[in-house]
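Small disclaimer: the values here were computed from a predicted structure and weren't measured. A note on names: the letters A, B, ... follow the listed sequences, proteins ahead of strands, and every chain is numbered from 1.
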Number of protein chains: 2
Amino acid sequence: MVARSNRVTIHDVAKAAGVSVSTVSKALNDTGRMALETREKIKSIAADVGFRPNALARSLLFNRSFTVGLLTNDTYGRFTLPLMSGISEALVDHGVSVFLCAIEDDPALAKVHVDAMLDKQVDGIIATGKRVDRSLPVDLAGLPVPVVYAFTEGVPGSVILTADDSDGARLAVERLREVGRKSIVHVTGPDSFVSAVERADAFRQAVAPDALVMHGTWTEAWGHEAVAILWGGDNETPDGIFCGNDQIARGVVDALRERGVRVPEDVSIIGFDNWEIFADQTRPALTTVDMNLKELGRTAGLTILDLAEGRAVEAGLRKLPCKLVVRQSCGGDRKI
Amino acid sequence: MVARSNRVTIHDVAKAAGVSVSTVSKALNDTGRMALETREKIKSIAADVGFRPNALARSLLFNRSFTVGLLTNDTYGRFTLPLMSGISEALVDHGVSVFLCAIEDDPALAKVHVDAMLDKQVDGIIATGKRVDRSLPVDLAGLPVPVVYAFTEGVPGSVILTADDSDGARLAVERLREVGRKSIVHVTGPDSFVSAVERADAFRQAVAPDALVMHGTWTEAWGHEAVAILWGGDNETPDGIFCGNDQIARGVVDALRERGVRVPEDVSIIGFDNWEIFADQTRPALTTVDMNLKELGRTAGLTILDLAEGRAVEAGLRKLPCKLVVRQSCGGDRKI
DNA sequence: TCAACGTGAGAAAACGTTTTCTCATCATTT
DNA sequence: AAATGATGAGAAAACGTTTTCTCACGTTGA
């Protein structure tokens, strides 16, 4: 029809071996009946001519494309990249490749991408975003392929994977307690974010029902401001601050340094996200909660595979545990 | 053979319309001869039953999969994401989807990914990395599909796209001059990086053959240190600093603030990369050189498409211009 | 010696498209 | 009225696999 490629097909192998294509197929797939000698010879010839089966042809036959789509509106990749990395890592062993589609909150663009993926017969779609409590600007319900939501809001009855914010908050508080901190506050993002609220609730539960939670923006500037508030009045100052993300934590650490408050000697700081570019470059480097996004990605990948291959998967929200990454800002590998 | 899906095929449309599949195909593709009435009826029926052609089947026929692969070892995505965004944007209009493969400097993993993509008959591969003067840990020469190198080292005779570092440096110096700066220095990364050297050369050419260039690491810490050196001695201090990246620039700005030097009133600072997370959060926000990575991605996408469709593309290194993003750290929408 | 059986290998169909060819049918021209 | 031409639509082949069927041949057992 159109330009034929020069790639070697199973027919070439058959010709070279002097057998039929069926025999070649059976030989290479270790199926069917045939003389061991024939099988070996065919395998050797196939290797010699560098034959690799055309995945498109197999896909057409099996109705399995061995591709999945990752749909995201997280332009900056802060959350998408670790996730992607985990997905890819889990799936590459199964011969599955991943289409990455960045839709920037544009419903039309999203639809174009979804349609393109469906046309290409993806085995499943993983949806992710930059916020757990917002959904992508496209309706993924009723698609002819399985969908897994990771770190974004999903429709009821779907499979949703997310990090356990409460667990993260508990981890942080535990650590602050371990290093001997008694007066702990939480400086975090807006209370319009479900994550912020969940962490705050878990924080209060772990510290005290009336423990101080300061909601602001997710920025360094807010970290500075929060310190100004805490250290500006006549009240007792805290000796431990759990921050809602690493940017806030950096702001807090910088502001404290400017005031001559020593971190971690005088005050222990714990961040959230383990965004290395912040956590590592802050002086001192941030002890911070890691949401295990890569692991979350791995789970999402495996889950979509289960669904694609018809295995049952429990629907509903599943929260994966966080982990604490210890650097210097909290102090004490030993207790202070 | 295996699980048949419930998706509607051209046969279903044919049955519904009471015609043959060939007629349906011709009707939908506006080819062949047939009564206008028939054509319209078939189109309408196809739309009603929600028919979408199976891209796999078309791919098999046309030897065109309408997919390309993006291979990267830039784990952090600093450069890959904008590039990816540009590629995707340019190609989605052509119905092309992008496989993202993150290989972490692991040759074996790289080979697995490349093989998986070749098996899936990608129309081309775009290689990218985190450093212009390093190549990916896999040999992409002699592949049966076209390859474009973007922001990474490519084999001789290949198509290589990269940002014009010299242009970026010139842009920065020009701006510093425009705002009236006379004593300009360049604080940048290690001279083992080709980019650093090219920018430094262009910097010297624009300022003076013996203009001061300070090589260090790509970190905030180096920015601090450089300021300590510059302001620590008895020498005249500069009134303009061109930094090799935004992290260094942030370090410089912070260090100057700590010393009571005002930015941009006393000293103008220009960064490089336009990494918004740094450029925007620095106080004052950084004026910085943007490498137009998204545009570079767009070009890479279009180029791989040209190659895939057999159009001639000039081989060799092609440098795309940078642009200056003006914020506050350099001063003067009007001259100071 | 003949039937039954096991073995090795090929033919053909299938997956879902597109395209080339062929062939009726009907209208126009001589 | 017969030959020519235009029109509309379908049959079949092709893309590169896998799998089911079929079949020839040789071996075993009675």
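- Within 6.0 Å of the NZ atom in Lys130(A), the count of heavy atoms belonging to other residues, nucleotides or ligands exceeds 12.
- Note: CG (Leu36(B)) to P (dG8(D)) measures 9 Å, nearest angstrom.
- For Lys43(B) and Asp30(B), the salt-bridge test passes: some basic side-chain N is under 4.0 Å from an acidic carboxylate O.
- Nucleic acid contact for Thr38(B): sugar-phosphate only, since backbone atoms but no base atoms lie under 4.0 Å from a heavy atom of the residue.
- When rounded to the nearest whole Å, the span between NZ of Lys15(B) and P of dG16(C) equals 11 Å.
- Distance CG (Asn29(A)) to C1' (dT19(D)): 10 Å, rounded to an integer number of Å.
- At a threshold of 4.0 angstrom between heavy atoms, the contacts of Arg33(B) include nucleobase atoms, whether or not backbone atoms are also involved.
- In this structure, of dA11(D), dT18(C), dA14(C), it is dA14(C) that holds the atom nearest to the side chain of Leu61(A).
- In summary, the side chains of Ser97(B) and Lys120(A) do present a donor paired with an acceptor at a separation below 3.5 Å, with no hydrogens or angles considered.
- Considering only the side chain of Asn54(B), dG16(C) comes nearest among dG16(C), dT18(C), dG16(D).
- When heavy atoms are screened at a 4.0 angstrom cut-off, Ser22(A) is found touching base atoms of the nucleic acid.
- Side-chain atoms of Lys26(B) and base atoms of dG8(D) include no donor and acceptor less than 3.5 Å apart.
- Note on Arg64(B): nothing from the nucleic acid sits closer than 4.0 angstrom, heavy atoms only.
- Between Arg58(A) and dG16(D), a side-chain N or O to OP1/OP2 separation shorter than 4.0 Å is absent.
- Going from atom OG1 of Thr80(B) over to atom CE of Met84(A) covers 10.5 Å, rounded to the nearest 0.5 Å.
- Taking 4.0 Å as the cut-off between side-chain N and carboxylate O, Glu89(A) and Lys294(A) count as a salt-bridged pair.
- As a whole-Å value, the separation of Leu56(B) CG from dT17(D) P is 14 Å.
- Distance from the side chain of Leu60(A) is smallest for dG16(D) among the nucleotides dG16(D), dT17(D), dG10(D).
- Nearest to the side-chain atoms of His11(B) among the listed nucleotides dA9(C), dG16(C), dG10(D) stands dG16(C).
- For the pair Lys120(A) NZ and dT17(C) C1', the interatomic distance rounds to 16 Å; values are reported in whole Å.
- Counting non-hydrogen atoms under 4.0 angstrom, Ser25(A) reaches a base of the nucleic acid.
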